[in-house]
S.K.: 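I'd like to ask some things about the structure below.
Chain naming here is simple, since letters A, B, ... match the order of the sequence lines and numbering starts at 1 in each.
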Amino acid sequence: MIDTQSKNSIIQIFRVYKKYGGKHALTDVTLDIPKNDSLLISGPSGAGKTTLLKLLYLAEKVSAGQVLVDGMNLARISRKRIPFLRRKLGIIFQDYKLIPTKTVFDNVAIVLEAMGTKRRLIQKKVKSVLRTVGMEERINSFPPILSGGEQQRVAVARAVVGDPIIILADEPTGSLDSDSANIIIELLKKFHTRGTTLVIATHDKELLNKIGGRIVHLKQGCLQPSA
Amino acid sequence: MIDTQSKNSIIQIFRVYKKYGGKHALTDVTLDIPKNDSLLISGPSGAGKTTLLKLLYLAEKVSAGQVLVDGMNLARISRKRIPFLRRKLGIIFQDYKLIPTKTVFDNVAIVLEAMGTKRRLIQKKVKSVLRTVGMEERINSFPPILSGGEQQRVAVARAVVGDPIIILADEPTGSLDSDSANIIIELLKKFHTRGTTLVIATHDKELLNKIGGRIVHLKQGCLQPSA
Amino acid sequence: MILHYKRAIQDILDHKFLNAVTIITIAISILIVSAFALFFVNASDIISSWQKGVRIMAYLRPNIPHADIGALKLKIQDFYGVQNVKFISKEEGLQMLKDQMKRQPSLFVDLKENPLPDAFAIRMIPTSKNREKIEGLTTRLEALPEINDVEYGHRWLARFTNIFNLFKLTGFALGGLFSVAAVFIVANTIRLVLYTRREELEIMRLVGAADSFIKAPFYIEGIIQGALGGTIGLAVLFVTFLIVSSNVQQSFALDFFTVRFLSIKVYGTIIFCSTCVGWLGCYLSLKQFLKS
Amino acid sequence: MILHYKRAIQDILDHKFLNAVTIITIAISILIVSAFALFFVNASDIISSWQKGVRIMAYLRPNIPHADIGALKLKIQDFYGVQNVKFISKEEGLQMLKDQMKRQPSLFVDLKENPLPDAFAIRMIPTSKNREKIEGLTTRLEALPEINDVEYGHRWLARFTNIFNLFKLTGFALGGLFSVAAVFIVANTIRLVLYTRREELEIMRLVGAADSFIKAPFYIEGIIQGALGGTIGLAVLFVTFLIVSSNVQQSFALDFFTVRFLSIKVYGTIIFCSTCVGWLGCYLSLKQFLKS
Ligand SMILES: Nc1ncnc2c1ncn2[C@@H]1O[C@H](COP(=O)(O)OP(=O)(O)OP(=O)(O)O)[C@@H](O)[C@H]1O
Ligand SMILES: Nc1ncnc2c1ncn2[C@@H]1O[C@H](COP(=O)(O)OP(=O)(O)OP(=O)(O)O)[C@@H](O)[C@H]1O
Ligand SMILES: [Mg+2]
Ligand SMILES: [Mg+2]
């Protein structure tokens with residue numbers, strides 16, 4: 001049914017509800033994201049932006065409704081196939097989720113290791129992506145001693161190192177000054193031109209303006225009619 | 001020597017250097033913050049803003065130089081007196097530093113408990129401050145399930161609940177949409193008018209403009225001559 | 001104080017898993033130590049009951065007047081290490097010998113008169129039952145003019161006493177080792193739990209909590225964990241003991257001794273120690289994690 | 001595989017504290033279990049050496065021709081539970097009795113001829129030394145026409161055998177209890193360590209790592225920890241044993257038996273088990289923390 005809506009869709013969200021205990025975090029959300037789209041989800045604090053992204057990478061399950069990502073119905077996907085789904089995604093988490101006991105290099109490399117990339121290629125790729133985000137000097141540091149912005153840049157590097165077909169970015173420039181933010185924005189744009197689909201949750205107006213793309217508004221879990 | 005510079009200073013930073021291992025995080029920083037000042041520290045990612053604040057609440061020690069806070073020389077303060085220093089400060093940490101296993105209420109209340117406030121007063125004060133930041137509904141939630149912005153608001157609540165004489169705010173609105181940010185800005189302003197000294201590290205231009213006050217720029221650990 | 005107590009309770013509820021792990025670890029440690037203590041106490045009991053069999057026979061010269069025997073008995077009674085003295089007349093002696101050798105009755109058929117002397121059977125107090133003490137007493141007995149000859153059990157009984165002492169010694173050593181091991185394990189676990197929570201400790205310090213304020217609930221928790229763990233460990237042991245001992249006593253028909261559980265005093269001591277260990281583990285670990 | 005191995009090594013280096021805690025816990029647990037095993041093995045040895053003293057005396061009817069005795073001996077030798085049979089002629093028997101009762105030589109003065117019968121001294125194989133088996137054998141012996149009478153040690157020896165078996169049983173039970181306790185403690189500690197690292201596990205899953213990829217280094221670590229912990233525990237035990245046993249053997253002059261350490265086989269088994277425990281602890285804990 002939803003499959004037929006659009007052959008070009010890479011993400012389809014259909015009448016999705018999400019409840020946490022008694023709290024409604026998402027109410028009747030329907031979204032169709034075509035391949036190579038750039039979708040910006042804005043909305044105030046607690047609107048459900050992060051929750052919506054979590055549904056896409058299966059950190060949370062929908063309470064009702066359907067989610068399809070790259071042809072996979074997330075309600076029916078088996079436990080074993082979840083890593084397979086996640087390797088298609090590059091996720092920038094709002095709280096970075098870096099492993100504190102691993103170096104910056106290892107934090108980024110783990111994505112490639114999990115995909116089974118060759119050791120030598122990993123070295124090359126990780127170094128190159130860290131150079132892009134301006135973190136090549138801190139390659140052997142551990143995340144807890146990095147500044148907030150530095151941690152965020154490592155998180156971005158990890159998200160893009162595996163050449164994902166979809167990037168889910170939750171507030172990717174929240175801790176960055178505008179110069180650093182611009183570097184990240186350029187990076188995301190570069191991936192977009194290469195064909196990657198972008199889904200970005202943010203309340204940063206600067207980011208909304210700069211990155212370009214379709215903007216949807218969430219408010220208290222409901223998708224607002226686009227103004 | 002530095003004492004005589006200004007009788008009205010509440011924070012004096014004199015020729016301070018901070019090295020992390022081999023890395024210079026702060027170089028020859030001198031700053032004089034009068035009572036009831038509102039100081040904004042801006043600068044790019046990794047400039048040393050957080051480090052500067054850490055020196056003020058003694059999470060880090062200076063490598064060289066002197067820091068005085070409310071008449072206390074932080075180089076000479078005894079271990080036992082550190083809590084005494086910190087109770088004068090209200091600190092909003094960049095990474096919030098909420099205790100994940102305690103409820104929002106307990107996270108905020110702990111400041112008052114540590115000061116020895118009466119149980120009934122604690123109830124009243126905590127509820128009131130949580131109402132101000134718009135988190136009264138989540139009073140019994142645990143931080144990990146809160147959204148980024150919600151966590152930040154709790155962190156702000158905890159910083160101000162003890163009526164500190166100085167507020168050290170590290171990126172206090174980084175995770176907030178502009179409406180929520182305005183609430184926090186109003187709150188900080190209210191404290192400022194009551195006589196609290198504000199020291200705010202941020203790269204958010206909106207915040208810099210809205211909150212008003214003296215702005216200093218940090219760049220690679222050096223204080224830039226004010227433009 | 002009430003505040004800290006409340007905070008401790010709250011904290012236990014907030015960290016059910018960590019507290020459960022600590023309490024289980026303490027309980028198991030106590031179980032190991034006290035199970036061994038129980039085993040050891042009962043084994044000692046049994047061996048002691050055999051050891052009671054060790055007695056010294058002092059044979060009298062013939063024709064000691066009956067009147068002197070009472071005085072002699074009192075005299076021996078006063079010797080160091082003597083628990084009690086029993087007079088065995090030659091008639092009783094012969095009867096006992098006949099009972100003992102009833103398989104060879106032919107041995108006694110030809111006897112015209114009782115060849116045995118009168119004797120004293122002397123039991124020693126248990127603590128004096130080592131070879132040296134027994135031989136010391138023997139020498140003193142032999143020095144008495146009325147005593148003709150002294151015999152003390154079989155050689156193996158003397159050796160047995162040494163082995164019993166060795167058993168006791170290794171038992172105590174092992175008990176000590178187990179106790180130390182238990183303390184280590186518990187301390188280790190508490191360190192691990194506090195390591196898990198070190199960020200929380202750090203946050204509390206950063207918002208201005210004094211070290212004593214941070215530590216107080218942990219101490220209370222440590223004490224509660226220790227007491228609870230100790231009680232659970234002993235309770236498990238007691239139930240196991242009841243089940244096992246009733247089966248054992250049935251199937252082995254050990255009517256001659258009763259397996260006993262630890263005394264209330266030992267019980268109390270163990271729980272007290274376990275409480276101390278809980279407290280101490282917290283103390284040492286907190287010291288480490290609140291250092292810098 | 002090499003990748004996982006490298007990751008495991010890296011991981012151990014990254015988490016020195018947690019690994020140290022786990023290894024120490026395993027070492028202590030192994031120490032407890034093997035110390036008890038050592039104690040038990042040696043205590044059993046000693047008791048066994050006494051138990052060897054238990055023998056059955058079968059007294060022959062008078063006037064059995066000397067020629068038949070060889071055949072009879074062979075026959076008894078074949079009985080179930082018999083270890084060896086020794087013929088004791090009546091002359092030897094009398095001499096032994098005299099030696100035994102040298103304190104009452106008067107008893108033998110009046111003897112005109114040797115009143116004792118010929119006899120067989122029968123030792124049983126150790127596993128058959130319980131009261132039922134002994135009595136079974138006794139009955140079979142009594143049924144032989146050549147045998148007049150059968151006597152088996154003193155009553156206490158039979159009782160002693162029962163107690164020895166009880167000792168063995170409780171020893172095994174206690175050993176089992178200790179092993180289970182050790183497994184619990186180790187599993188508990190590993191759970192705690194993984195609990196500390198659950199966020200890390202979660203992050204790895206979120207960035208697309210398969211469960212097997214996440215688990216592999218932990219398993220390798222578990223095995224390394226188990227093997228290392230076991231080895232350290234046994235090494236500590238061995239050193240302690242060397243120190244203690246040399247002192248004990250001196251001060252107790254126990255020349256009649258030598259304290260022995262665990263055999264290589266037991267040693268190997270313990271390390272193998274400890275490795276398994278390390279692995280199993282990881283397996284179960286990982287299952288829990290990777291569940292949802
Ligand atoms: N696991 C959870 N259990 C209960 N409530 C939750 C949980 N996760 C999120 N919520 C609630 O759901 C609402 C939406 O959260 P979400 O994180 O999606 O907000 P958001 O739009 O990302 O906000 P922000 O901009 O502050 O990050 C919030 O009120 C939050 O408290
Ligand atoms: N404990 C530490 N050990 C080593 N280096 C550190 C440590 N803490 C901070 N640094 C480094 O010092 C520099 C300054 O860090 P700081 O956190 O002060 O930056 P910041 O101005 O707050 O940046 P941001 O805006 O990204 O938060 C950074 O390069 C950081 O990596
Ligand atoms: Mg969010
Ligand atoms: Mg910072």
S.K.: Which bit of A/Gln94 comes within less than 4.5 Å of chain B, counting heavy atoms only: side chain, backbone, both or neither?
M.R.: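 A/Gln94 touches chain B through side-chain heavy atoms alone.
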
S.K.: Counting only heavy atoms not in A/Arg76 (residues, nucleotides, ligands), do more than 12 fall under 6.0 Å from its CZ?
M.R.: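 No, the 6.0 Å shell around CZ holds no more than 12 heavy atoms from other groups.
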
S.K.: With a cut-off of 6.0 Å (strictly less than), are more than 12 heavy atoms of other residues, nucleotides or ligands near CZ of B/Arg214?
M.R.: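 Correct, the count exceeds 12.
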
S.K.: Just checking heavy atoms, which of residues 203-210 of chain A are less than 4.5 Å from chain B?
M.R.: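 Result: A/His203, A/Lys205.
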
S.K.: Could you list which of residues 38-53 of chain A have a heavy atom closer than 4.5 Å to any heavy atom of chain B, in residue-number order?
M.R.: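 The stretch touches chain B at A/Gly43, A/Pro44, A/Ser45, A/Gly46.
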
S.K.: Between A/Glu171, A/Arg138, A/Gln152, which has the largest tally of heavy atom pairs under 4.5 Å with chain B?
M.R.: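 The answer is A/Arg138.
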
S.K.: Under 4.5 Å, heavy atom to heavy atom: which of residues 173-188 of chain A reach chain B? Give them by number, or say none.
M.R.: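 So far as heavy atoms go, A/Gly174, A/Ser175, A/Leu176, A/Asp177, A/Ser178, A/Ser180 are the residues that approach chain B to under 4.5 Å.
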
S.K.: Enumerate by number any residue of residues 21-29 of chain A whose heavy atoms lie under 4.5 Å from heavy atoms of chain B; in the absence of such residues, state 'none'.
M.R.: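 Under the 4.5 Å heavy-atom cut-off, A/Lys23 qualify.
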
